[in-house]
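No hydrogens, no waters, no symmetry mates; every other heavy atom, side chains included, goes into these values.
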Amino acid sequence: MMLYHGNFMYSVYPKAGKVYLTTPYKGGFRKTVVSLEQLPRIIDNVFSIYPYESNSGAIRYRFYSKKTKRTMVLARWLTNCPEDLEVDHFPLHNPSINTNDNLRCVPAWVNQRNRRNNVSSSDHFGVYLKNNHWCVFAKDENKKFKQVMKFPLNALEQAKDKQRKAQLGFNYDGLYSQIMDSFGAELPLEAREYFERIVKQAGVHKGA
């Protein structure tokens, strides 16, 4: 059921613990989601919500506070974010998802790093979120990224482990190639066996 408050409408989903807020935007509507536990606070404080386009092109949300009589950023207000920190929409990196589990207060450099480089958006380099999956990348010896595979949202640790093994495989390829360039066919059998043993112990395959 859609309810009305100020300039926005809201729908409550108790089982999911979420509330969807629908607001006018450029002749149409935009929707953001917040945690159900925030609803009483929103009803008590928020009079109107205004979506806006940030410099990055993402749609974010401000609101007019009934109590302070001024406009505030919704995500900062929901998190009570200190002035010396910024709000990071982590791990989904979607500013329209303002639920408690997708908001954290971080230093500016952490937030900027995530905006600049999605390959580290999981806080593990080479694992990033795309289309509701964790995507795993690793660098080969030419510093080019190669996609390894995708993992569901609940398998972040498996994705990190796969990235580590894949990266070790690429590192092995590069080091092996460098040594072959130096020694050619003269590379001792013991050296070849040494590299194969490293890869076997790591649980990866050459070029994986």
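Here the closest heavy-atom approach between residue N7 and residue P24 is recorded as O-CD, 3.3 Å. For the residue pair I42 and F8, the shortest heavy atom distance occurs at CG2-CZ, 4.1 Å. The two residues S96 and I59 come nearest to each other via the heavy atoms OG-O, 4.0 Å. The minimum heavy-atom distance between K31 and T22, with the atom names listed, is CE-OG1, 3.6 Å.
Note: L74 CG to R60 CZ = 11.5 Å, rounded to the nearest 0.5 Å. Put simply, OG1 on T79 and CG on L103 are 6.0 Å apart, with the number rounded to the nearest 0.5 Å.
Looking only at distances, a side-chain donor or acceptor of N102 sits under 3.5 Å from a matching main-chain atom of I97.
Geometrically, R62 engages Y52 in a cation-pi contact, judged by NZ or CZ lying under 6.0 Å from the ring centre and within 45° of the ring axis.
Centroid-to-centroid, the aromatic rings of Y13 and Y20 come within less than 6.0 Å.
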* To do: Please report the C-alpha distance between S65 and N45 in whole Å, then the side-chain angles of each, then the deciding distance to 0.1 Å, and finally whether the side chain to side chain donor-acceptor pair (under 3.5 Å) criterion is met.
  => CA-CA 6 Å; S65 172; N45 288 272; 4.8 Å; no
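Cluster annotation: V73 and V33 are assigned to distinct hydrophobic clusters (Ile/Leu/Val/Met/Phe/Trp/Tyr, side-chain heavy-atom contacts under 4.5 Å, transitive).
Using a 4.0 Å cut-off between charged side-chain N and carboxylate O, D44 and K66 make no salt bridge.
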